[in-house]
2 protein chains.
Amino acid sequence: MAVSRTEQKEKTRRAIIDSAISQLSVEKSFASLSLREVARQAGIAATSFYRHFKDMEELGLTLVDECGLALRQIMRKARKRFEKGGSVIRTSVKTFMEFTETNPNIFRLLFHERSGTTHALRTAVDREIQFFIVELTDYVQAVGYDHESAFAQAEAMVAVVFNAGAESLAAKPSQRRQVEKRAIQQLRYIAAGAKSLHLSGKKSRGKK
Amino acid sequence: MAVSRTEQKEKTRRAIIDSAISQLSVEKSFASLSLREVARQAGIAATSFYRHFKDMEELGLTLVDECGLALRQIMRKARKRFEKGGSVIRTSVKTFMEFTETNPNIFRLLFHERSGTTHALRTAVDREIQFFIVELTDYVQAVGYDHESAFAQAEAMVAVVFNAGAESLAAKPSQRRQVEKRAIQQLRYIAAGAKSLHLSGKKSRGKK
DNA sequence: TTATTCAGCGTACACTTGTACGCTAATTGA
DNA sequence: TCAATTAGCGTACAAGTGTACGCTGAATAA
């Protein structure tokens with residue numbers, strides 16, 4: 001029955017992470033968490049925290065990594081969904097919104113800490129979002145756009161979707177469908193606009 | 001030469017506000033400001049702060065109001081600019097980016113506190129942004145769109161522009177022109193997309 | 001078996017925080 | 001002129017913070 005030391009260590013590490021995530025909320029950002037409170041809720045002494053993380057920042061980085069992983073999984077899920085038919089945009093937005101509503105704390109962490117106060121965390125969040133954008137860029141590029149405009153499309157779409165996610169969390173559940181619907185509409189604008197500008201030829205500006 | 005009491009009061013009130021704004025930075029959000037530090041830098045005793053604001057939140061609301069005002073002035077400026085000829089989108093984006101670079105702290109306040117931890121502040125920021133969106137909606141609507149799609153366009157555009165603003169502040173100055181250029185491109189996508197979808201008729205969905 | 005490692009603990013310290021309270025001095029209004 | 005008002009101050013306090021330090025007991029390695 002004896003649990004190995006490494007096993008036990010991993011367990012309390014998780015307890016710390018879970019404690020932190022569970023303490024995140026609308027009125028409590030990661031930046032406002034305290035090491036002591038996180039430790040307390042994880043069921044360990046404050047000083048034991050240091051056996052697992054150098055400081056709160058390191059914990060934050062771990063959380064962001066975890067969020068990034070979750071996001072990537074969600075995207076894979078979306079891909080599987082629309083491969084079975086259905087609108088790409090609609091499916092993606094719906095999947096994303098599902099994610100934000102299932103993991104509000106995780107989404108908020110990404111959204112808020114993107115403009116947060118510690119450099120390391122901001123960089124980490126940015127990396128995750130960039131990953132998200134690049135993935136989408138590849139998809140768009142495969143449809144026949146050059147890299148530059150594909151990236152612009154992808155970035156705009158991500159901005160819109162993240163915005164909708166935040167809006168959705170702030171909105172009353174009864175209005176979420178509408179936010180979602182609008183986001184879909186907005187992404188369609190972007191897609192259609194890129195298509196129309198792409199096809200109508202490069203006016204005067206010198207794109208290669 | 002004696003300054004009236006109300007005059008003096010207004011002066012230190014401003015000192016407090018300025019102190020707060022000047023303390024905002026990439027690594028210091030409004031939420032992480034302390035009443036004591038703000039007071040100290042304003043040159044008054046900590047407890048004197050209360051002669052002007054009930055608490056930090058009230059100061060925050062004041063700051064947001066001020067930011068909103070600044071934003072509105074900027075928009076008016078933009079309007080004047082493109083009334084003298086020039087692309088609406090290009091001019092607006094350029095003006096906005098100018099604003100973020102001239103008042104980085106103020107912009108960051110809006111951007112970050114939008115997902116901040118105090119309800120009152122979030123609401124206030126949201127109001128300012130909504131104002132921004134509505135103003136743009138009116139403009140778009142005047143060009144011939146129905147309210148719903150005009151709003152969707154405006155919201156998407158604001159999301160993209162705010163995103164670009166934040167990106168620009170994080171980027172090295174040498175790359176800002178590129179961020180700006182991309183934002184312009186993205187707004188054109190949205191405008192063109194709305195136009196194309198608007199003209200090609202409502203497929204099947206039942207919009208009135 | 002014996003020696004080593006190390007997760008977890010409790011204490012202690014030096015800060016910083018918000019704010020209650022009462023005082024002072026100068027402007028204001030009568 | 002005299003009384004009222006009030007911006008600003010300093011002190012004091014309770015509550016919270018991060019973290020240095022040394023100990024303990026159990027799992028591991030020899």
Side-chain angles (χ1 to χ4, degrees), chain A residues 1-25 27-63 112-113 116-121, chain B residues 1-25 27-63 112-113 116-121:
Chain A
M1 69 144 287
V3 279
S4 81
R5 197 135 73 179
T6 47
E7 238 172 343
Q8 175 55 35
K9 181 162 187 182
E10 181 53 30
K11 231 174 194 169
T12 67
R13 189 187 142 94
R14 267 249 64 88
I16 293 175
I17 294 176
D18 292 342
S19 162
I21 291 184
S22 84
Q23 281 183 51
L24 292 174
S25 72
E27 49 265 313
K28 202 130 187 121
S29 73
F30 179 78
S32 70
L33 293 188
S34 95
L35 186 154
R36 280 177 114 106
E37 280 230 27
V38 168
R40 191 174 310 143
Q41 193 171 111
I44 60 171
T47 49
S48 300
F49 179 94
Y50 296 107
R51 300 289 182 200
H52 303 269
F53 301 96
K54 183 174 149 277
D55 51 22
M56 283 297 282
E57 180 168 294
E58 196 171 292
L59 170 59
L61 292 177
T62 305
L63 290 189
H112 190 69
E113 233 50 51
T117 51
T118 86
H119 180 67
L121 219 50
Chain B
M1 71 143 291
V3 278
S4 82
R5 198 136 71 179
T6 47
E7 237 173 344
Q8 175 55 34
K9 180 162 187 183
E10 181 53 31
K11 230 173 193 169
T12 67
R13 187 186 144 94
R14 267 248 65 88
I16 293 175
I17 294 176
D18 291 343
S19 162
I21 292 184
S22 84
Q23 280 183 52
L24 292 174
S25 72
E27 48 265 312
K28 202 130 189 122
S29 73
F30 178 78
S32 70
L33 292 187
S34 95
L35 186 153
R36 280 176 114 106
E37 281 230 28
V38 169
R40 191 174 310 145
Q41 194 171 110
I44 59 171
T47 48
S48 300
F49 178 94
Y50 296 107
R51 300 289 181 200
H52 303 269
F53 300 96
K54 184 174 149 275
D55 50 23
M56 282 298 281
E57 180 167 294
E58 196 171 291
L59 171 58
L61 292 176
T62 305
L63 290 189
H112 189 69
E113 235 48 51
T117 51
T118 86
H119 179 68
L121 219 50

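Throughout, protein chains are lettered first and strands after them, A, B, ... in sequence-line order, and every chain is numbered starting at 1.
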task: Verify the distance criterion only: is there a donor paired with an acceptor across the side chains of B:Thr12 and B:Gln8 at less than 3.5 Å?
output: no
task: Would you please say whether a donor-acceptor pair under 3.5 Å links the side chains of A:Gln23 and A:Ser19?
output: yes
message: With hydrogens left out and only the distance checked, is there a donor-acceptor pair under 3.5 Å joining B:Thr47's side chain and the base of D:dG10?
response: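 Result: at least one qualifying N/O pair found.
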statement: d(B:Leu35 CG, B:Tyr50 OH) to nearest 0.5 Å is 4.5 Å
query: Atom CG of A:Leu61 and atom CE of A:Met56: how far apart are they, to the nearest 0.5 Å?
result: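 Separation between the atoms: 11.5 Å.
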task: Find the distance A:Lys9:NZ to D:dG25:C1' and express it as a whole number of Å.
output: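 Rounded to whole Å, this separation is 17 Å.
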message: How many whole angstroms separate atom CD of A:Glu10 from atom C1' of C:dG8?
response: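 Taking atom C1' of C:dG8 as the reference, CD of A:Glu10 is at 17 Å.
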- prompt: Do B:His119 and A:Glu27 have side chains that get closer than 4.5 Å, going by heavy atoms?
  reply: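 Result no, sub-4.5 Å side-chain heavy-atom pair not found.
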- prompt: Side chains of A:Arg14 and A:Glu10: does their closest heavy-atom pair fall under 4.5 Å?
  reply: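 With C-beta onward as the side chain, the pair touches.
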- request: Please tell me which of A:Arg5 and B:Thr12 maps to the more 5' nucleotide of DNA chain D, matching each residue to the nucleotide holding its nearest heavy atom.
  value: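 Comparing both residues, the 5'-ward one is B:Thr12.
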Set out, line by line, the N/O atom pairs under 3.5 Å between protein and nucleotides 13-17 of chain D.
{"from": "D:dT17", "atom 1": "OP1", "to": "A:Ser34", "atom 2": "OG", "distance (Å)": "2.7"}

task: Check whether any side-chain N or O of B:Gln8 sits under 4.0 Å from OP1 or OP2 of D:dG8, and answer yes or no.
output: yes
- prompt: So, is B:Ser48 near the phosphate of D:dA7, with a side-chain N or O under 4.0 Å from OP1 or OP2?
  reply: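 No, outside the criterion.
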- prompt: Near DNA chain C, which residues from residues 49-57 of chain B have a heavy atom under 4.0 Å away?
  reply: B:Tyr50
task: Compare every heavy atom of B:Ala20 with every heavy atom of B:Leu59, then report the nearest pair and how far apart it is.
output: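 Smallest interatomic distance, heavy atoms only, reads CD2-CB, 4.0 Å.
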message: If I compare all heavy atoms of B:Phe49 with all of B:Ile44, which pair ends up nearest, and what's the gap?
response: N-CD1, 3.9 Å
